[in-house]
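This report concerns only the one structure given below.
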Amino acid sequence: MNGGDGAASSSAATSGPPPPSLEWRFSQVFGERTAGEEVHEVDIISAIEFDKSGDHLATGDRGGRVVLFERTDTKDHGGSRRDAEEMDYSVRHPEFRYKTEFQSHEPEFDYLKSLEIEEKINKIRWCQPANGALFLLSTNDKTIKYWKVQEKKIKKISEMNIDPSNDPGSSSSLPIIANGVHADKPQDYLSKDYPFPPGGIPSLRLPLVVTSLETSLVARCRRVYAHAHDYHINSISNSSDGETFISADDLRVNLWNLEVSNQSFNIVDVKPTNMEDLTEVITSAEFHPIHCNMLAYSSSKGSIRLIDMRQSALCDSHTKLFEEPEAPGSRSFFTEIIASISDIKFSKNGRYILSRDYMTLKLWDINMDSGPVASYQVHEHLRPRLCDLYENDSIFDKFECCLSGDGSRVATGSYSNLFRVFGASQGSTEAATLEASKNPMRRQIQPPARSSRSMTSGVRRGSESPGSDANGNAHDFTTKLLHMAWHPTENSIACAAANSLYMYYA
Amino acid sequence: MSTTEEPLYPIAVLIDELKNDDIQLRLNSIRRLSTIARALGEERTRKELIPFLSENNDDDDEVLLAMAEELGVFIPYVGGVEHASVLLPPLETLSTVEETCVREKAVESLCRVGTQMRESDLVDHFLPLVKRLAAGEWFTARVSACGVFHIAYPSAPDTLKTELRSIYTQLCQDDMPMVRRAAATNLGKFAATIESAHLKTDIMSMFDDLTQDEQDSVRLLAVEGCAALGKLLEPQDCVAHILPVIVNFSQDKSWRVRYMVANQLYELCEAVGPEPTKTELVPAYVRLLRDNEAEVRIAAAGKVTKFCRILNPELAIQHILPCVKELSTDSSQHVRSALASVIMGMAPVLGKDATIEHLLPIFLSLLKDEFPDVRLNIISKLDQVNQVIGIDLLSRSLLPAIVELAEDRHWRVRLAIIEYIPLLASQLGVGFFDDKLGSLCMQWLQDKVHSIRDAAANNLKRLAEEFGPEWAMQHIVPQVIEMINSPHYLYRMTILRTVSLLAPVMGSEITCSKLLPVVITASKDRVPNIKFNVAKVLQSLIPIVDQSVVEKTIRPGLVELSEDPDVDVRYFANQALQSIDNVMMS
């Protein structure tokens with residue numbers, strides 16, 4: 001972290017001409033709705049996450065299920081993946097197929113607090129694979145679970161000493177002992193010093209196990225990390241050290257070791273002694289992708305705090321604070337509500353943090369805490385309607401955000417199943433609005449002329465999208481695209497529209 | 001079914017249960033793997049059982065853990081040391097599973113088998129295994145590899161030794177932090193097997209890599225290597241190579257690294273010798289004692305006695321004692337608690353005068369600490385100071401604290417103090433005890449919390465053992481007997497319990513003359529719970545008293561109770577009567 005790199009630091013990608021705008025195409029849809037089909041509440045997707053390699057994708061839903069998808073285009077076509085990519089980059093985009101699903105969480109009831117605990121999956125995080133098995137963490141409001149998903153060959157036992165179908169004891173597979181062993185009591189055989197004949201007893205045999213070629217995918221819950229959160233868990237995040245992870249609720253961040261499910265360490269606690277003094281809650285937390293000692297968390301007041309766990313065991317005081325000073329005179333009843341950050345993500349190299357609040361997407365350089373290096377207007381056109389949005393609670397919707405693997409683009413969701421993709425490289429004017437449907441470009445609008453970029457004020461671009469309002473369609477606040485994920489190495493986006501998972505590539 | 005078959009049945013079942021659906025049965029079979037092996041004979045164990053186990057390794061962790069453990073002591077069952085290498089394949093697969101405890105056990109067993117193997121077998125079988133694990137596709141294999149190098153290395157030919165060292169160097173730079181951590185943890189063990197010529201070059205460069213790792217989690221394990229490596233190196237090399245590293249670490253940005261240093265530092269003092277200890281390590285340790293992170297101070301405070309034992313008393317008084325004084329008033333109760341648990345050990349190190357002058361005030365302030373754990377930690381180590389400063393001085397300052405703790409409002413604190421009473425009694429002696437603590441011991445019998453009353457009863461028994469029946473007859477029994485008239489039935493019950501505990505210690509005579517009448521009186525109690533407890537106590541007295549007393553006193557009492565309207569009283573009275581009959585019979 002060496003701050004003040006000058007102008008170059010204001011851009012996520014290395015300087016140079018910005019890459020051309022991407023042309024997004026529909027790739028796949030899972031669980032597409034037919035016209036008029038009703039969506040079951042439990043089927044609504046509530047979490048999406050690619051694994052590190054990008055070969056797997058997991059979704060969680062409100063019914064507590066986790067569904068896994070695996071990439072098909074690399075595995076099936078022989079040869080190494082890199083060859084395939086170089087051969088025809090444009091043709092071979094990531095394609096996924098359904099792999100398996102399992103019930104991760106069940107609805108529960110907290111009898112002490114008389115509270116129902118929903119089974120809804122809040123977050124999924126992939127862990128280090130080992131021995132060909134996949135590992136992931138899933139969490140609902142209270143309980144985190146560690147899952148192992150593995151292909152198992154089906155085995156059958158074909159032969160035993162005692163035929164289980166016969167009456168035990170009347171087995172014919174046990175012939176008479178030849179060399180005169182005298183045993184008065186059966187237990188003698190099991191005693192430690194019973195003298196067996198030197199060559200053993202030939203009539204005994206080991207069970208014969210036949211392995212069939214069939215395999216089945218088995219998901220097993222390896223550990224349950226429970227009873228550590230008084231409030232609802234909003235985030236989980238793995239450390240780069242491969243052995244720890246954090247979980248964050250409204251007021252606290254806890255640190256866990258993957259192998260120890262019965263204790264965790266509280267590292268951040270923002271709970272005031274008197275709950276009436278509460279003004280700010282934690283909304284999201286994430287580990288730095290490279291440094292296992294750093295993590296960031298966002299708050300309902302629109303600030304992001306970076307903490308260094310090396311400094312002290314309790315990290316109540318932050319190392320760095322990122323927040324944008326409030327523009328003078330703009331304060332209203334809604335200012336604080338819309339400032340609340342719903343999601344933060346580190347860029348893959350750990351240099352940048354992307355944050356999403358209700359109106360904007362902001363990109364921060366961790367070396368520059370004076371303000372974001374760029375901000376992108378997502379919901380500016382909704383500003384006149386904040387009152388309605390407050391009335392119908394939409395203003396509290398928590399939209400997620402994501403960065404492309406190379407950090408050159410950012411994306412986030414919106415209403416009417418729309419999502420927006422912005423170029424984050426210096427000089428990029430890319431700003432696309434896409435609809436989560438088979439025809440994503442339907443609502444595509446021309447990128448508006450962007451305002452000049454200045455270092456001090458950050459950048460406002462992509463301004464509001466007049467297209468969606470121009471056609472007279474009021475925004476449909478019931479169809480919101482909250483969850484999305486960017487493939488770690490390729491330009492491919494997965495996003496959730498209610499119960500459907502749409503995938504796009506460029 | 002022929003009669004000769006039947007005896008084989010249990011062992012056949014045991015073998016079949018290796019594949020039972022019930023995990024408990026599988027576990028049971030695996031735990032008795034040696035029996036199965038002996039039933040099969042050595043040859044079939046090698047040719048059938050071991051391959052069978054190698055193939056069936058997708059079981060639950062518990063079963064795999066048991067298997068890994070059993071295989072570590074399996075050499076006798078496969079035909080002795082010359083066949084030991086057949087055990088390697090199943091252990092190799094077990095050492096690659098993703099569950100850490102299974103892997104660790106498998107590595108432990110691999111080492112155990114490896115140390116017994118013949119040199120030629122080690123080269124032919126064990127060395128390739130080490131190389132395979134180290135080149136494993138998944139990090140789990142590479143993690144396990146780090147733990148077996150020290151077994152393979154000594155018997156490897158020179159060319160292979162070079163290769164092994166370079167493989168370990170690679171493991172120290174592995175992509176996965178888990179592997180680097182394993183390499184750091186095992187570096188000391190591996191280094192111990194390496195020729196001193198390579199120690200200074202290869203091992204030190206690995207060590208340097210690890211100490212500069214970008215991951216906090218790796219660097220802090222490298223600290224552990226410091227002490228181990230320090231002991232292997234010549235003092236001057238240690239001063240040249242290890243000392244700067246540890247001094248650096250003691251000022252690391254990360255509190256976790258400093259925490260590790262605080263835990264390890266004393267081990268290094270011997271390795272570097274007295275002079276560098278004085279000039280380098282003492283200042284480093286003093287810094288850690290004054291660290292701004294409480295966790296680091298806790299670790300440092302916990303080692304203060306061990307550190308002082310290595311230093312001469314002057315150094316300790318001059319440099320360490322001032323810090324100890326500060327720590328005794330530390331803002332963190334956990335720091336004070338850690339200090340309290342070891343500080344008594346400093347008394348023998350400093351000697352009587354210094355203890356009275358410097359340590360006693362600290363003891364006293366810790367004894368008055370607002371946090372009960374701190375006070376308890378001091379009291380539990382009392383005997384160490386007693387030897388140095390004598391009981392008079394100690395008891396004068398100690399007693400108020402004990403009395404206060406004895407009435408603490410947390411019952412767990414009271415419980416802890418009761419458990420120390422016998423120790424205190426033996427330290428303080430009869431006279432002192434009677435004066436001050438006797439009444440407390442009685443008071444606890446009427447505590448509001450059952451656990452305390454129970455502990456109080458036990459305490460009286462232990463005191464009676466400590467000071468003998470005559471003392472007990474004078475100082476315990478009268479008070480106890482008096483309390484049977486308590487209006488509260490729960491307290492009367494406690495007295496019954498006390499009586500049953502005291503009786504064996506007091507012997508037949510006192511039991512008959514003093515204790516038994518009390519019990520018999522209690523059998524007329526109006527509360528059924530008391531009455532059936534009387535029955536139980538009477539039963540416990542049977543072996544203690546004479547046969548005649550049983551017949552004359554106990555039996556009539558029980559007969560009366562056996563006709564009680566309450567069903568439970570009748571039940572326990574009959575039980576007791578039955579046991580009288582049993583004693584008579586035998």
Side-chain angles (χ1 to χ4, degrees), chain A residues 128-133 135 148 152-153 155 157 160-162 164 168-171 173-177 181-192 194 196-207 209 211 222 239-244 259 290-293 308-313, chain B residues 1-2 4-19 32 34-45 48-49 52 55-56 58 61 96-101 137-141 176-178 181 214-218 252-257 259 292-296:
Chain A
Q128 204 62 52
N131 298 333
F135 292 85
K148 173 189 181 184
K152 274 199 164 175
K153 292 216 168 80
K155 288 185 174 179
I157 298 145
M160 294 187 119
N161 286 309
I162 295 140
S170 67
S171 158
S173 62
L174 261 188
I176 299 158
I177 319 160
V181 178
H182 300 293
D184 296 322
K185 288 181 193 163
Q187 292 92 312
D188 279 358
Y189 277 104
L190 301 181
S191 79
K192 276 261 182 263
Y194 179 82
F196 284 104
I201 303 159
S203 61
L204 288 171
R205 58 187 178 209
L206 290 162
V209 180
T211 311
R222 303 280 300 181
S239 165
S240 57
D241 68 9
E243 67 171 355
T244 55
E259 313 218 323
I290 297 159
H291 299 297
C292 66
N293 51 286
D308 185 344
M309 295 199 294
R310 291 180 301 189
Q311 279 186 336
S312 80
Chain B
M1 183 171 99
S2 110
T4 42
E5 262 176 48
E6 197 180 0
L8 264 186
Y9 185 70
I11 188 102
V13 169
L14 195 65
I15 294 177
D16 284 352
E17 281 174 356
L18 282 170
K19 283 275 123 194
R32 317 188 72 161
S34 56
T35 310
I36 294 176
R38 289 189 305 122
L40 290 172
E42 291 170 0
E43 192 180 346
R44 287 185 67 204
T45 297
E48 293 176 36
L49 182 62
F52 172 84
E55 281 159 29
N56 292 284
D58 54 351
D61 297 329
T96 62
V97 300
E98 72 275 353
E99 185 59 43
T100 311
C101 60
E137 182 189 358
W138 303 101
F139 72 89
T140 49
M176 289 283 178
M178 298 82 142
R181 279 198 293 273
E214 56 167 21
Q215 282 260 333
D216 215 23
S217 60
V218 178
D252 198 278
K253 278 183 295 206
S254 167
W255 69 269
R256 284 167 72 195
V257 172
Y259 174 91
N292 54 18
E293 172 59 46
E295 297 287 336
V296 178

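Every chain is numbered from 1, with letters handed out A, B, ... down the list of sequences. The model shown is predicted, which means the values in this text are computed figures rather than measured ones.
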Q: Name all residues meeting the salt bridge (charged side-chain N to carboxylate O under 4.0 Å, His left out) criterion together with B:Glu42; count only those two or more places apart in sequence or in a different chain, and write none if there are none.
A: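 In terms of salt bridge (charged side-chain N to carboxylate O under 4.0 Å, His left out), with neighbours along the sequence ignored, B:Glu42 is linked to no residue.
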Interchain contact, [X] with chain A, by part (heavy-atom threshold 4.5 Å):
X        : value
B:Val218 : neither
B:Ile15  : both
B:Thr100 : both
B:Glu137 : neither

List the atom of [X], the atom of [Y], and the distance in Å for their closest heavy-atom pair.
X        : Y        : value
B:Ser217 : A:Cys292 : N-SG, 4.0 Å
A:Ala130 : B:Phe139 : CB-CE2, 3.9 Å
B:Trp255 : A:Met309 : NE1-O, 2.8 Å

Q. Who pairs with A:Lys148 by side-chain hydrogen bond (donor to acceptor under 3.5 Å, both in side chains), at least two apart in sequence or on another chain?
A.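 Listed in chain order: A:Gln150, B:Glu98.
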Q. Got a second to check how far A:Arg205's CZ is from B:Arg44's CZ, nearest 0.5 Å?
A.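 Output value for this atom pair is 9.5 Å.
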**Q.** Gap separating the CG atom of B:Asn56 from the OG1 atom of A:Thr211, nearest 0.5 angstrom
**A.**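 It is 7.5 Å, given to the nearest 0.5 Å.
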(Q) Out of B:Met178, B:Glu48, B:Glu43, B:Arg181, return the one with the most heavy atom pairs under 4.5 angstrom to chain A. (A)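 Of the candidates given, the most pairs with chain A belong to B:Arg181.
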Q.
Between B:Glu295, B:Lys253, B:Met176, who has the most heavy-atom pairs with chain A when the cutoff is under 4.5 Å?
A.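 Counting heavy-atom pairs under 4.5 Å, the top option is B:Lys253.
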Q) B:Gln215 pairs by side chain to side chain contact (heavy atoms under 4.5 Å, CB included) with which of A:Ile290, A:Asp241, A:Asn293? A)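 Result: among A:Ile290, A:Asp241, A:Asn293, A:Asp241 is the only option passing the side chain to side chain contact (heavy atoms under 4.5 Å, CB included) with B:Gln215.
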Q. Does some side-chain heavy atom of A:Leu206 sit less than 4.5 Å from a side-chain heavy atom of B:Asp16?
A.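 Answer no - side chains too far apart.
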Q: Evaluate the criterion side chain to side chain contact (heavy atoms under 4.5 Å, CB included) for residue pair A:Leu204 and B:Leu40; output intermediate values, then yes/no.
A: CA-CA 7 Å; A:Leu204 288 171; B:Leu40 290 172; 4.2 Å; yes
Q: Check each atom of A:Glu259 against the heavy atoms of chain B and say whether the ones under 4.5 Å are side chain, backbone, both or neither.
A: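 The side chain, not the backbone.
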Q. Any chance the side chains of B:Thr96 and A:Asn131 put a donor and an acceptor closer than 3.5 Å?
A.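 There is no such pair between these side chains.
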Q. Do B:Asp61 and A:Arg222 pass the salt bridge (charged side-chain N to carboxylate O under 4.0 Å, His left out) test, and can you show the C-alpha distance, the side-chain angles, and the key distance before you say yes or no?
A. CA-CA 10 Å; B:Asp61 297 329; A:Arg222 303 280 300 181; 2.8 Å; yes
Q: Quick one: which of A:Gly242, A:Ala133, A:Ser239 has the most heavy-atom pairs under 4.5 Å with chain B, could you say?
A: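 Going by pairs under 4.5 Å, I would pick A:Gly242.
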Q: Give a yes or no answer on whether the side chain of B:Glu293 reaches the backbone of A:Ala313 with a donor-acceptor pair at less than 3.5 Å.
A: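 Confirmed, B:Glu293 side chain pairs with A:Ala313 backbone.
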Q) Can any side-chain N or O of B:Arg256 pair as donor or acceptor with the backbone N or O of A:Arg310 at less than 3.5 Å? A)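 Judged by distance alone, no pair lies under 3.5 Å.
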